[in-house]
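Report on one structure; see the data block that follows.
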Amino acid sequence: MWHLYRQNKKKIVDLIYFQGYTHTEVAEELDIPLGSVKTSLRNAVVKLRGIYCITQNWAA
């Protein structure tokens, strides 16, 4: 179950940032609530920012 959750987060980031989907389109495509799309995207961006800042030796 956790594995599927993580896959969905990756899919959400991919669809929005690389495929050009809207939040609503992603929610419909993955059959999940719009709020879940927005929350998952926000969490993923925060996590990626933290990882990037650590690798660049910057403060988040």
Side-chain angles (χ1 to χ4, degrees):
M1 183 69 154
W2 179 249
H3 179 66
L4 293 176
Y5 174 75
R6 287 181 26 188
Q7 279 184 325
N8 260 357
K9 283 180 124 176
K10 290 177 186 177
K11 186 72 172 174
I12 289 168
V13 171
D14 179 59
L15 289 173
I16 290 174
Y17 285 111
F18 301 109
Q19 306 291 329
Y21 281 54
T22 65
H23 293 93
T24 303
E25 290 170 334
V26 171
E28 291 171 359
E29 177 79 20
L30 299 178
D31 195 30
I32 58 176
L34 179 59
S36 296
V37 170
K38 291 179 178 185
T39 300
S40 292
L41 184 62
R42 168 97 172 105
N43 291 340
V45 168
V46 168
K47 184 171 185 161
L48 288 170
R49 183 182 302 133
I51 292 169
Y52 182 77
C53 288
I54 287 171
T55 62
Q56 296 301 314
N57 220 6
W58 297 341

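Just the heavy atoms: all of them, side chains too, but no hydrogens, waters or symmetry mates, feed the values below. The structure displayed is predicted, hence computed values, not measured ones.
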Under 3.5 Å, sequence neighbours excluded: what are the donor-acceptor pairs made by side chains of residues 24-34?
unit_1, atom_1, unit_2, atom_2, d
Glu25, OE1, Thr22, N, 2.8
Glu25, OE1, Thr22, OG1, 3.4

Could you tell me the separation between the OG atom of Ser36 and the CG atom of Leu41, rounded to the nearest 0.5 Å?
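The OG atom of Ser36 sits 12.0 Å away from the CG atom of Leu41.
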Answer yes or no: is there a side-chain heavy-atom contact under 4.5 Å between Lys10 and Asp14?
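Lys10 vs Asp14: side chains apart.
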Heavy-atom side-chain proximity of Ile12 to Tyr21 below 4.5 angstrom
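No; the side chains remain at least 4.5 Å from each other.
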Same cluster or not: are Phe18 and Ile51 linked, directly or through other Ile, Leu, Val, Met, Phe, Trp or Tyr residues, by side-chain heavy atoms under 4.5 angstrom apart?
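No, because Phe18 and Ile51 fall into different hydrophobic clusters, even though each may have its own neighbours under 4.5 Å.
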Co-membership, hydrophobic cluster, residues Leu48 and Ile16, 4.5 Å side-chain:
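Per the 4.5 Å side-chain linkage, Leu48 and Ile16 are not co-clustered.
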Residue that, paired with Arg42, satisfies side-chain contact (heavy atoms from CB on, under 4.5 Å) out of Val46, Val45, Thr39
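Looking at Val46, Val45, Thr39, the match for Arg42 under the side-chain contact (heavy atoms from CB on, under 4.5 Å) is Val46.
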